[in-house]
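Residues: numbered from 1 along the sequence shown.
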Amino acid sequence: MKTVIVGYDDQGHVLWNERFSQFASHHGLTLRRCAPYRARTKGKVENGVGYVRKNFWPRVQTFTSLRDLNQQVRHWLDTVANVRVHGTTHEKPVDRWKHEQLKPLNPIPFEEVERHTRRVSNDSLVSYGGSRYSVPYVYVGHTVEVQDLQNGHIRIYQGNMIIAEHPKATRTKQVITNKKHFEGIQNQIGAKAPQPMPRLVPNPSPEVVERDLSVYEQFADEEVIVQ
């Protein structure tokens with residue numbers, strides 16, 4: 001599964017999917033790969049899924065929302081699944097947990113802290129979710145991280161420093177910019193070069209570069225929003 005393992009290094013060690021690895025680290029989980037084609041190394045995990053399918057789902061007559069369904073499964077866990085004697089451990093799960101000293105999951109949802117690595121283009125923009133957002137021009141060519149705050153805004157970091165924040169695009173192909181990100185570009189470039197003296201050229205007609213129209217299609221539908 002490429003969403004879990006992307007390959008192996010020269011020593012045969014697992015190369016975990018970066019997002020999956022970040023998710024595990026966020027919740028304090030230790031990753032361990034099951035041996036390929038060794039069903040017995042993961043069968044009990046799959047058996048748990050079958051138990052839920054066969055024991056819980058037949059009890060569900062109707063539900064009105066995901067919250068309602070979660071409440072029903074919590075009731076089933078507290079009254080059936082976690083108080084039965086487990087067939088393998090021969091203990092009730094509620095009693096077993098007292099000895100395993102499990103740690104609680106991180107209460108902060110992973111989506112709220114997840115960051116996506118991007119490179120700043122020459123026009124001082126970064127791409128995220130099908131739209132583009134500006135950052136201060138001094139970061140052109142740098143690698144930054146984009147975080148969706150899950151509240152209608154995105155935040156852009158370099159390291160632990162916030163370098164930009166924007167309202168999140170409401171549809172794809174929007175370009176959202178902050179005019180302050182481009183202030184000082186002229187001063188950074190420096191003074192204008194002196195103009196050369198006019199001279200006679202044999203062909204005064206400028207050369208026009210011909211390009212296929214498909215080159216411009218990626219920009220044709222973009223909507224520019226300036227803050």
Side-chain angles (χ1 to χ4, degrees), residues 1-118 127-131 145-155 157 168-172:
M1 289 178 61
K2 295 300 182 183
T3 53
V4 176
I5 296 176
V6 296
Y8 302 86
D9 62 16
D10 295 337
Q11 289 73 40
H13 299 146
V14 172
L15 298 176
W16 300 103
N17 176 288
E18 182 179 359
R19 186 166 186 252
F20 179 70
S21 179
Q22 291 174 347
F23 172 82
S25 177
H26 175 74
H27 286 294
L29 306 176
T30 300
L31 299 180
R32 187 177 66 182
R33 178 182 64 93
C34 292
Y37 309 106
R38 293 286 301 279
R40 63 182 301 174
T41 64
K42 57 180 180 178
K44 295 188 186 305
V45 176
E46 295 178 349
N47 285 344
V49 175
Y51 175 66
V52 173
R53 183 184 296 115
K54 296 175 182 178
N55 195 289
F56 168 68
W57 279 110
R59 301 168 185 263
V60 179
Q61 300 301 315
T62 183
F63 61 93
T64 58
S65 64
L66 179 59
R67 180 177 181 180
D68 177 31
L69 186 61
N70 283 332
Q71 290 175 342
Q72 291 190 48
V73 76
R74 172 52 61 187
H75 176 74
W76 172 76
L77 288 170
D78 294 339
T79 60
V80 179
N82 292 339
V83 295
R84 67 190 170 97
V85 176
H86 196 277
T88 299
T89 64
H90 304 292
E91 296 181 64
K92 295 180 180 180
V94 290
D95 297 331
R96 181 84 175 186
W97 289 338
K98 298 175 182 179
H99 306 293
E100 292 188 352
Q101 299 180 345
L102 298 177
K103 298 179 181 179
L105 289 176
N106 192 330
I108 302 175
F110 174 66
E111 292 78 7
E112 293 185 8
V113 298
E114 181 184 15
R115 297 183 185 182
H116 305 267
T117 302
R118 295 291 187 271
S127 177
Y128 176 72
S131 293
E145 293 179 319
V146 181
Q147 178 184 354
D148 188 342
L149 300 180
Q150 305 295 319
N151 61 1
H153 289 76
I154 69 161
R155 187 173 287 164
Y157 294 81
K168 187 178 178 180
T170 56
R171 52 188 175 275
T172 60

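For the atom pair CZ of F23 and OG of S25, the computed distance is 11.0 Å after rounding to the nearest 0.5 Å. A distance of 5.0 Å separates CG in N82 from CG in L77, rounded to the nearest 0.5 Å. Within the model, atoms CZ of R19 and CG of N17 stand 8.5 Å from one another, a figure rounded to the nearest 0.5 Å.
Within a 6.0 Å sphere centred on CD of Q11, other residues, nucleotides and ligands contribute more than 12 heavy atoms. No more than 12 heavy atoms of other residues, nucleotides or ligands lie within 6.0 Å of CD in E18, so this atom counts as exposed by the packing criterion. By the 6.0 Å contact criterion, CG on L102 is enclosed, its count of non-hydrogen atoms from other residues, nucleotides or ligands being greater than 12. Within a 6.0 Å sphere centred on CZ of F63, other residues, nucleotides and ligands contribute 12 heavy atoms or fewer. For H75, the NE2 atom counts as loosely surrounded, since its 6.0 Å shell holds 12 or fewer non-hydrogen atoms of other residues, nucleotides or ligands.
No side-chain donor-acceptor contact under 3.5 Å links R155 to the backbone of Q147. The main-chain N or O of D148 is never found under 3.5 Å from a side-chain atom of H116 such that the two would form a donor-acceptor pair. Side-chain N or O atoms of D95 include none that pairs as donor or acceptor with a backbone N or O of E91 at under 3.5 Å.
Partners of D78 according to the side-chain contact (heavy atoms from CB on, under 4.5 Å) rule, which considers only residues two or more places apart in sequence or in another chain, are R74. Under the salt bridge (Lys or Arg N to Asp or Glu O under 4.0 Å) criterion, R32 pairs with no residue at all, not counting sequence neighbours. Residues satisfying the salt bridge (Lys or Arg N to Asp or Glu O under 4.0 Å) test with R59, not counting sequence neighbours, are none. Among residues two or more places apart in sequence or in another chain, the salt bridge (Lys or Arg N to Asp or Glu O under 4.0 Å) test is passed with R84 by none. In this view, R33 satisfies the salt bridge (Lys or Arg N to Asp or Glu O under 4.0 Å) rule with no residue, not counting sequence neighbours. In terms of the side-chain contact (heavy atoms from CB on, under 4.5 Å) criterion, residue partners of L15 (sequence neighbours excluded) are, by chain and number, V6, D9.
Nearest heavy atoms, R118 versus V146: CG-CG2, 3.9 Å. Heavy-atom minimum distance, A81 versus Y51: CA-OH, 3.8 Å. Counting all heavy atoms, side chain and backbone alike, N106 lies closest to I108 at OD1-N, 3.0 Å. When every heavy atom of R171 is checked against every heavy atom of S131, the shortest pair comes out as O-OG, 3.0 Å. Scanning all heavy atoms of the two residues, the minimum distance from T62 to Q72 falls at O-NE2, 3.0 Å.
Cation-pi geometry between R115 and Y157 is met: the NZ or CZ atom falls under 6.0 Å from the ring centre, inside 45° of the normal.
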Q: Evaluate the side chain to side chain contact (heavy atoms under 4.5 Å, CB included) criterion for residues V52 and W76: first the C-alpha distance (whole Å), next the side-chain angles of each, then the deciding distance (0.1 Å), finally the verdict.
A: CA-CA 10 Å; V52 173; W76 172 76; 4.1 Å; yes
